[in-house]
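Just so it is clear: chains get the letters A, B, ... in the order the sequence lines come, proteins before strands, and each one is counted from 1. Every heavy atom of this structure was used, including side-chain atoms; hydrogens, water molecules and symmetry mates were not.
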Amino acid sequence: MLDPKRLRTELDEVAKQLARRGFKLDVDAVRALEGQRKALQTHTEELQNQRNLRSKSIGQAKARGEDIAPLMAEVSSLGDQLKTAEQDLAKIQTDLETIALGLPNILDASVPDGADENQNVEVRRWGEPKQFDFEPKQHFELGTNQAWMDFESASKLTGARFVVLRAAMARLHRALTQFMLDTHTQEHGYTELYVPYMVNADSLRGTGQLPKFEEDLFKLNNEQGYYLIPTSEVPVTNLVRDTIVDAASLPLKFTSHTPCFRSEAGSHGKDTRGLIRQHQFEKVEMVQITRPDQSWQALEEMVGNAEAILQKLGLPYRVITLCSGDTGFSAAKTYDLEVWLPGQQKYREISSCSNTLDFQARRMVARFRNPETGKTELLHTLNGSGVAVGRALVAVVENYQQADGRIRIPEVLRNYMGGAEYLT
RNA sequence: GGAGAGCUGGCUGAGCGGUCGAAAGCGGCGGUCUUGAAAACCGUUGAAGGGCAACCUUCCGGGGGUUCGAAUCCCUCGCUCUCCGCCA
């Protein structure tokens, strides 16, 4: 959520900033609503003041043993007026809040302008795409060996966009997860968390998935209306919702491995084959909760933490800055890591690291007490994939394939694979 | 699933339907003392919104109700704890 004060005082500037995303803010409508809100609020507060004063004087008169009947008569009509005013005010405030919750974050000045992913800007590359002396296959072709990746069975069990992994492939998937968690906890200073895979609507509102993106989520049909998490960013970041974090404990650095569930509404026909786009996938997530003056530094660090995973795995990748039109709702700036997939001859997204500044913190009311001022201030929150496990599996399989169809195991994973050199 | 108790400021914890935004303690901040620190003592210290300001409004788990007036009474939902039952 944007600072409501800023929305009032710098409405035109905010609208101009949001236009960078292609978001059109109806300035006149907001201004009109805001005018009504102000008038109604003043009016309501005046009535409340009257009620409070009179009720108080009734109390005092009664204490003195005086007759309170005339005072009671005087105050009788106030109640209805007040009720009407309060209801009108609540309505306006709800309308304004609905608008505010639908506004995306303001982009950082360093974010390049652009309409879509084609205008994203490459920052750097690491590693050279490996040259094969044969035609490299796509992962789902390689996965047919021993039914390692079994899409047919999954579609029988559930439907499209699911997979069953078998034997060495299932273990490689687990090995990748372990490797990532161990690296982040042992080398990057993150604390590992195990969290719920279902969350309530408040949590999703806190991180920005609700109210606007409900169609992307799986909602459970239970009494509470829980949702399956689309990313562990939601439960992990919401740990600080409605809390005042001890300044000395900052930055908080959490990593968590969870499944992620996405409806993929609106991506029909995209990546229909293989593991790239599934309704259920595993991800190792990094979340940092920082002081406001530390968040940009933390973003760079987090990208580095994700890069370290790919480097250790020997997977060529590039880092890109998402352009204004491609940056997600909550983010002020996002770096994506794109890993080289020889089977597709393309770089494909494998990690996304974002600084949301105080955008999520304001929704969550996540604060710390600034030791310098003694005042509570909003925190900054960041999240990044470190990295998507399913896509990492794809990348390893494609990059480590041999002419004879065997898959070599990257050195760093062998300890997790019983010392084997090849998938068998 | 059954029975009961509770949910109050950064934390712990008092609080008769009427100067209660809320005692007290802890913590924080400022000061005295000290070479410095600790201890002790004194003072100060909730959040949000509106207003140039004086000041006003709202907030005692969420929502609703009763009342001139609700932290306090009623309803409802959520959560925590205790006991019983069931169970991975």
S.K.: Which residue, A/Y226 or A/N49, contacts RNA chain B at a nucleotide closer to its 5' end, judged by nearest heavy atom?
M.R.: A/N49

S.K.: Strictly distance-based, threshold 3.5 Å: is any side-chain N or O of A/D336 a donor or acceptor partner for the main-chain N or O of A/E338?
M.R.: no

S.K.: Quick check on side-chain contact (heavy atoms from CB on, under 4.5 Å): which of A/L18, A/L25, A/T327 does A/P104 satisfy it with?
M.R.: A/L18

S.K.: Sticking with atom P, work out how far B/rC42 lies from B/rG4, rounded to a whole angstrom.
M.R.: 48 Å

S.K.: Are A/R124 and A/E307 within salt-bridge range, i.e. N to O under 4.0 Å?
M.R.: yes

S.K.: Suppose the criterion is side-chain hydrogen bond (donor to acceptor under 3.5 Å, both in side chains): which pairs have a residue in residues 235-244 of chain A, not counting sequence neighbours?
M.R.: A/S203-A/R241, A/N238-A/R241

S.K.: Of the options A/L252, A/N383, A/T207, which is the one that meets A/V287 in a side-chain contact (heavy atoms from CB on, under 4.5 Å)?
M.R.: A/N383

S.K.: Hunt down the Watson-Crick or G-U wobble partner of B/rU34, both distances under 3.5 Å, from any strand shown, or write none.
M.R.: none

S.K.: For B/rG4, give the paired nucleotide (Watson-Crick: N1-N3 plus N6-O4 or O6-N4; G-U: N1-O2 and O6-N3; both under 3.5 Å), or none.
M.R.: B/rC81

S.K.: Quantified in whole Å, what is the C1' atom distance between nucleotide B/rU35 and nucleotide B/rG13?
M.R.: 41 Å

S.K.: When you compare B/rG85 with B/rC75, how far apart are their C1' atoms, in angstrom units rounded to a whole number?
M.R.: 29 Å

S.K.: Would you call the rings of A/H188 and A/Y190 parallel, tilted or perpendicular, taking 30° and 60° as the class edges?
M.R.: perpendicular

S.K.: Could you tell me the Watson-Crick or G-U partner of B/rC59, where both distances fall under 3.5 Å? Say none if there is no partner.
M.R.: B/rG46

S.K.: Which part of the nucleic acid does A/I244 contact within heavy-atom distance under 4.0 Å: base, sugar-phosphate only, or nothing?
M.R.: sugar-phosphate

S.K.: Write down the distance separating the C1' atoms in B/rA47 and B/rG28, rounded off to the nearest Å.
M.R.: 16 Å

S.K.: Taking any strand in view, what nucleotide pairs with B/rU66 in a Watson-Crick or G-U wobble way, both distances under 3.5 Å?
M.R.: none

S.K.: Under 4.0 Å, heavy atoms only, any strand: does A/D246 hit a base, just the sugar-phosphate, or nothing?
M.R.: nothing

S.K.: What distance, rounded to whole Å, do you find between the two P atoms, one in B/rA24 and one in B/rG31?
M.R.: 24 Å

S.K.: In whole Å, what separates the P atom of B/rG21 from that of B/rA3?
M.R.: 38 Å

S.K.: What integer number of Å spans the P atoms of B/rC83 and B/rG30?
M.R.: 46 Å

S.K.: Strictly by Watson-Crick or wobble contacts shorter than 3.5 Å, is anything paired with B/rU19, and which nucleotide is it?
M.R.: none

S.K.: Here's a test of your reading of the structure: between A/I58 and A/Q48, which maps to the more 5' nucleotide of RNA chain B?
M.R.: A/Q48

S.K.: Do A/R408's NZ or CZ and the ring of A/Y400 fall within the cation-pi criteria of under 6.0 Å and 45°?
M.R.: no

S.K.: Regarding A/K38, tell me which of base, sugar-phosphate or nothing describes its non-hydrogen contacts under 4.0 Å with the strands shown.
M.R.: sugar-phosphate

S.K.: Under a criterion of less than 4.0 angstrom to any heavy atom of chain A, what are the 5'-terminal and 3'-terminal contacting nucleotides of RNA chain B?
M.R.: B/rG10 to B/rG69

S.K.: Given the C1' atoms of B/rA22 and B/rU58, what is the spacing between them in whole Å?
M.R.: 15 Å

S.K.: Between A/D150 and A/R166 (salt bridge meaning N to carboxylate O under 4.0 Å), is one present in this structure?
M.R.: yes

S.K.: Return the pairing partner of B/rC86 with a 3.5 Å limit on both distances, Watson-Crick or G-U wobble; otherwise return none.
M.R.: none

